[in-house]
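Worksheet for the structure shown next.
Everything numeric here is computed off the predicted structure, so don't read it as measured data. Chain A is the first sequence line, chain B the second, and so forth, proteins listed ahead of strands; every chain is numbered from 1.
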2 protein chains.
Amino acid sequence: MPHTHDHGHCIDTAMAAARRLCEERGARLTPVRRRVLELVWANHKPTGAYELLPQLAQDGFNSAPPTVYRALDFLLELGLIHRISSLNAFIGCDHPGSAHPTGFFICHKCGEATELPPDELSALAERLEALLGVRVEGETHELTGLCSNCRKAA
Amino acid sequence: MPHTHDHGHCIDTAMAAARRLCEERGARLTPVRRRVLELVWANHKPTGAYELLPQLAQDGFNSAPPTVYRALDFLLELGLIHRISSLNAFIGCDHPGSAHPTGFFICHKCGEATELPPDELSALAERLEALLGVRVEGETHELTGLCSNCRKAA
DNA sequence: CGTAGAATTGCTACATTATAACCTAAGGTG
DNA sequence: CACCTTAGGTTATAATGTAGCAATTCTACG
Ligand SMILES: [Zn+2]
Ligand SMILES: [Zn+2]
Ligand SMILES: [Zn+2]
Ligand SMILES: [Zn+2]
């Protein structure tokens, strides 16, 4: 099932947000970093670092793994992308700029990953802090199953 | 900070539960599998597959990576251990036998990982199913921060 | 028993993911 | 320009995880 939305628009919005955020923070959105971010968005699904290498090569970036990982680290640092560790993959953040807990729902049929609403995750974290007496500083949630599109199709 | 509990007891309980569960399911808790489970519990913190190799060697198990991974897969399958993918590590399950959503709180100071209460996680999953229209089939949650012991110490 | 079939492990090689170390190039700042 | 900081290129290697097949052990059944 193809996307149900204008994905070019997604990419444009994401890139605009990235430019704005970098400006704010005095960070440099260099060509490799920009292209990596574009590719992550263009793939529109969790993308592995080594998948990006040939895609970068097509654009004349003659990059080795460290370059890609450095670009990804930079984007993670700024909160422009997230890492999904159960997939060893990266995906664009839906609302960069605001610090928020990270979580995704990943459809095992179509492979799409949708970011989970941060307020739901925060609510859980607060409950757990109260229950366990801990101090939560970071969190990632990775759910799998059937997305609503794939449920309808079935 | 050392454990605040009799950890030998933890291990015994876990091994007893494992024997019972294997019997119920007609699964074979072979020497390697048993020893891997013991080691995971004995380490009392998330343990990587390659950490287990030398520990197994000390006991005369002359095992290569595939053997360890197969044992870990077996234990995962039965729900005797969980995998923490942000750490590429494995840890014993607190309440094996009952299928439940997986989540851990990991203290970045002392390294201990405590399993999150499944009912809290289920509640979140249900809310998300309603909100997003998805069908959740699997979930892992990985929170980091300071555990209650380390908070007191600070 | 004894033997066929299944499950488990041993073993070698390899695939995938990620990083260390060191050097060069580019950008910013006075 | 001279200086410093940051970013990227390059090579090698570390860390994690699997494929594939042979050897062994267990199980079931006649
Ligand atoms: Zn996000
Ligand atoms: Zn789907
Ligand atoms: Zn558990
Ligand atoms: Zn702690």
Side-chain angles (χ1 to χ4, degrees), chain A residues 18-19 21-40 43 45-57 59-78 80-91 140 142, chain B residues 18-19 22-40 43 45-78 80-91 140 142:
Chain A
R19 276 191 297 275
L21 196 60
C22 285
E23 192 140 355
E24 274 177 33
R25 311 266 174 103
R28 289 162 55 194
L29 192 60
T30 62
V32 204
R33 291 168 173 176
R34 184 196 335 277
R35 192 69 188 120
V36 165
L37 182 58
E38 277 171 7
L39 287 170
V40 165
N43 288 331
K45 59 172 189 53
T47 302
Y50 278 76
E51 286 179 69
L52 296 170
L53 281 171
Q55 300 186 290
L56 278 170
D59 300 318
F61 292 93
N62 190 11
S63 299
T67 300
V68 174
Y69 278 102
R70 283 186 293 228
L72 290 168
D73 286 344
F74 171 86
L75 298 169
L76 283 170
E77 200 76 21
L78 260 79
L80 290 165
I81 61 174
H82 296 294
R83 181 184 149 85
I84 301 181
S85 52
S86 61
L87 300 177
N88 294 327
F90 304 83
I91 190 164
T140 85
E142 300 174 13
Chain B
R19 275 190 298 275
C22 285
E23 192 139 356
E24 273 178 32
R25 311 266 174 103
R28 290 161 55 193
L29 191 59
T30 62
V32 204
R33 290 168 175 175
R34 184 197 333 278
R35 191 71 188 119
V36 165
L37 182 57
E38 278 171 8
L39 287 170
V40 165
N43 288 330
K45 59 171 190 53
T47 302
Y50 278 76
E51 287 180 66
L52 295 171
L53 280 172
Q55 302 186 288
L56 278 171
Q58 286 197 330
D59 300 317
F61 292 94
N62 188 11
S63 299
T67 300
V68 173
Y69 278 102
R70 283 187 292 226
L72 290 168
D73 286 344
F74 171 86
L75 298 169
L76 283 170
E77 199 77 21
L78 260 78
L80 289 165
I81 62 174
H82 295 295
R83 179 182 151 85
I84 301 182
S85 53
S86 61
L87 301 177
N88 294 327
F90 303 84
I91 191 164
T140 84
E142 301 174 13

Determine whether B/Arg83 and B/Ile91 make a side-chain contact, defined as any pair of heavy atoms from C-beta on separated by less than 4.5 Å.
no

Do A/Leu52 and A/Asn43 have side chains that approach each other closer than 4.5 Å (heavy atoms only, starting at C-beta)?
yes

Residues that B/Glu51 engages under salt bridge (charged side-chain N to carboxylate O under 4.0 Å, His left out), provided they are two or more places apart
B/Lys45

Find the distance [X]:[atom1] to [N]:[atom2] and express it as a whole number of Å.
X: B/Glu77; N: C/dT8; atom1: CD; atom2: C1'; result: 15 Å
X: B/Leu53; N: D/dA14; atom1: CG; atom2: C1'; result: 15 Å
X: B/Leu76; N: D/dG17; atom1: CG; atom2: C1'; result: 13 Å
X: A/Leu72; N: D/dA7; atom1: CG; atom2: C1'; result: 15 Å
X: B/Leu52; N: D/dG17; atom1: CG; atom2: P; result: 11 Å
X: B/Leu29; N: C/dA7; atom1: CG; atom2: C1'; result: 15 Å
X: B/Phe74; N: D/dC26; atom1: CZ; atom2: C1'; result: 14 Å

Give every pair of a protein N or O atom and an N or O atom of nucleotides 22-25 of chain D that lie under 3.5 Å apart, one pair per line with the distance.
none

Separation of A/Leu80 CG from A/Leu37 CG (nearest 0.5 Å)
6.0 Å

Indicate the atoms forming the closest heavy-atom contact of A/Gly48 with A/Ala89, along with that distance.
N-CB, 4.1 Å

Quantified as the angle between the terminal helix axes (five pairs each), what is the overall bend of the helix from C/dC1-D/dG30 to C/dG30-D/dC1 to 10 degrees?
30°

side-chain hydrogen bond (donor to acceptor under 3.5 Å, both in side chains) with B/Ser86: which residues, sequence neighbours excluded?
B/Glu142

Heavy atoms under 4.0 Å is the rule here; annotate nucleotides 9-25 of chain C 5' to 3' with B where the base is hit, S where only the sugar-phosphate is, and - elsewhere.
BBBB----BBBBB----

Return a table of donor-acceptor pairs under 3.5 angstrom between the side chains of residues 59-78 of chain A and protein atoms on other chains or two or more places apart.
from, atom 1, to, atom 2, distance (Å)
A/Asp59, OD2, A/Arg35, NE, 2.5
A/Asp59, OD2, A/Arg35, NH2, 3.1

